[in-house]
Number of protein chains: 2
Amino acid sequence: MTRESAFPQVENAPAPTRRERVRQATSREIKEIARRHLTAHGASGVSLRAIAREMGMTAPGLYRYFTGLGDLMEALQADLFAELAAAVDAAEASVPAADTDGRLLAALRAVRAWGLANRAEFALLFGPAASQAAAAEDSPAAEAGRRFAATFVALFDQLIAEGRFTVPAEAEASPALRSQLEAFARLTGFSGDRASSGAIRVLLSCWVRFYGIVCMEVFQHLGFVADDMEALFEAELRDLAAGLGVAYRAP
Amino acid sequence: MTRESAFPQVENAPAPTRRERVRQATSREIKEIARRHLTAHGASGVSLRAIAREMGMTAPGLYRYFTGLGDLMEALQADLFAELAAAVDAAEASVPAADTDGRLLAALRAVRAWGLANRAEFALLFGPAASQAAAAEDSPAAEAGRRFAATFVALFDQLIAEGRFTVPAEAEASPALRSQLEAFARLTGFSGDRASSGAIRVLLSCWVRFYGIVCMEVFQHLGFVADDMEALFEAELRDLAAGLGVAYRAP
DNA sequence: GAGAAAAGTGAACACCGTTAGCTCGCTTAC
DNA sequence: GTAAGCGAGCTAACGGTGTTCACTTTTCTC
């Protein structure tokens, strides 16, 4: 087992003991199985007992790894956010770095594609905020969510920097709205000086619109419109891009 | 119990027998209690055994009224759609019939208000399409959903009739999109001749946008923006109205 | 009042999350 | 090298769930 030493230790990682490694592996396995059950039977189809059974152990044993089913689901949520973020990054990376327009379009399409390919997972991330009351601002899941959002914040930030779209006059917004938008910009990490509340408003509006069309499709409302809503999505994306001063391109 | 005869029989209703009446009452009671549990503990907090316990009977007895938990939830969904539709109609009715603009704004605000006041219920109606595979096109729930949608179809239809907004050129849309939009118009009952695919596209786009902002708020995403997203909602509503040629008015 | 149909019950099956107390084996300290 | 300690996992148990089946009780109809 000294083969492991072939992989150079990550700097500052405190030499994970053997126990630690097998622990990580078990934890990963639990989440893998949970993910499979999620995909196959939806969020309510994930059960500790079934997972344990599949692993050849008993349910109480899982409590050594997660404090309960809710905790597992939260961990899963964090992983899924990371997976989605990776899918988005990959899509973005397949476009020249200088091509901001292409990167934004690719990123948005990647979110939709991932959602359609992973309905239950998408619902877990973007559906009704189940139980978690306040959703613990500092939970790993929330953290992963922010990391996902960061990709889009960066893209949007660039649009602002390049002065792509015309910003509505500040006077149009009520003071309440303005202060909310400013707080939002601060929290999400938009570059403070350039990102006027008007610009944030435009971006947030686009994001809401995008969220709406993707949720509708993934949650299978408007199912009566058509099986394949790609045409509608692309039409919406075209409008969205237009509003942002981004040149639309067919996929 | 002959007091019942004081209420004139509804025409064509085949004289409900006493048994039938008490059956209806029990059915209503089951749904009432289910609704309370839904409100209090979310969709997963609705259980047949708990309902039966509260009614002083046993769970298997409920199978005389619903074929299972899923069936109950579907019935509940239908009732909730009706309740939401009633709330919307009430809001609409509080505005002069001739004031199309006011009625539309009131109707949209009513949906948001209902959703915020009934989060779990809203999630049941507009959240991820749980299990029901195809969601049975002809289920009572789907029927109730269509009746809810009809209110907005009527309002939108009127906007089209009044030629409120400029319709994008037909040529802009791909053939695939056009045929989808036309199918949609047919299915939802837009008045065929006037409702061009372009007009439908504008309306659908607005609906998606509205869906997006309300879902985000009700599902408590963007929770970090602010507790009270009313300002943002109103801003969005203003834009939406502008796009439809509807005069925005503060609530 | 007899017979049929509906309403409701009890027991059982197969699941579920979670807790408590225990055993066994690996790791660490002496 | 051995003894202590700690972590992983197990068994048993509690209370909860949906659902089925056979049975009894109630109610309506003739």
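Labels below follow one simple rule: chain letters A, B, ... track the order of the sequence lines, proteins then strands, and each chain is numbered from 1.
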Separation of dT19(D) atom C1' from F66(B) atom CZ, nearest Å, is 16 Å
From CG of L69(A) across to P of dG16(D) the rounded distance in Å is 18 Å
Checklist entry - Do the charged groups of R146(B) and E143(B) touch, with an N to O distance under 4.0 Å? => result yes
Winner on side-chain proximity to M57(A), out of dG17(C), dC10(D), dA8(D), is dC10(D)
Just do the side chain to side chain donor-acceptor pair (under 3.5 Å) check on E121(B) and W114(B) with the steps written out, would you?
-> CA-CA 9 Å; E121(B) 290 84 347; W114(B) 190 87; over 6 Å; no
Note: for L62(B) and L48(A) on DNA chain C, the residue whose nearest nucleotide lies more 5' is L62(B)
Whole-Å distance, L72(A) CG to dC16(C) P, equals 14 Å
Between CE of M55(A) and P of dC10(D) the distance, given in whole Å, is 10 Å
Rounded to whole Å, CE of M73(A) lies from P of dG17(C) at a distance of 11 Å
Residue pair G56(A)/R53(B) against DNA chain D: nearer the 5' end by closest nucleotide is G56(A)
By nearest-heavy-atom nucleotide on DNA chain C, the more 5' of P60(A) and T26(B) is T26(B)
In whole angstroms, the gap separating P of dA7(C) from CZ of R21(B) amounts to 14 Å
Sorted by chain and number, sequence neighbours left out, salt bridge (charged side-chain N to carboxylate O under 4.0 Å, His left out) with R209(A) holds for E236(A), D239(A)
Does a side-chain N or O of T58(B) approach OP1 or OP2 of dG8(C) to a distance below 4.0 Å, or not?
no
Look for any protein N or O under 3.5 Å of an N or O in nucleotides 23-30 of chain D and output each such pair with its distance, or none.
unit_1  : atom_1 : unit_2 : atom_2 : d
dC28(D) : OP1    : R18(B) : NE     : 3.2

Exercise for the section: Take F148(B) and V111(B) through the side chain to side chain contact (heavy atoms under 4.5 Å, CB included) test and state the conclusion after the steps. Expected result: CA-CA 10 Å; F148(B) 159 72; V111(B) 173; 4.2 Å; yes
Whole-Å distance, H41(A) NE2 to dC16(C) P, equals 12 Å
field: Y65(B) vs dG8(C): side-chain N/O to OP1/OP2 distance below 4.0 Å
entry: yes
| Quick one: do E83(A) and R35(A) make a salt bridge, cutoff under 4.0 Å? | yes
Here the distance between atom P of dT19(D) and atom CD1 of I51(B), to the nearest Å, is 12 Å
ask   = Between Y63(A) and dT19(C), is there a side-chain N or O to OP1/OP2 distance below 4.0 Å?
value = no
Report yes if a donor N or O on one partner sits less than 3.5 Å from an acceptor N or O on the other, where the partners are the side chain of R49(A) and the base of dG17(C); otherwise report no.
-> yes
*When you measure from the centre of the six-membered ring of F81(B), is the NZ or CZ of R147(B) under 6.0 Å away and within 45° of the axis?*
no
Go through the steps for V214(A) and F122(A) under the test side chain to side chain contact (heavy atoms under 4.5 Å, CB included), then give the verdict. CA-CA 10 Å; V214(A) 175; F122(A) 184 92; 3.6 Å; yes
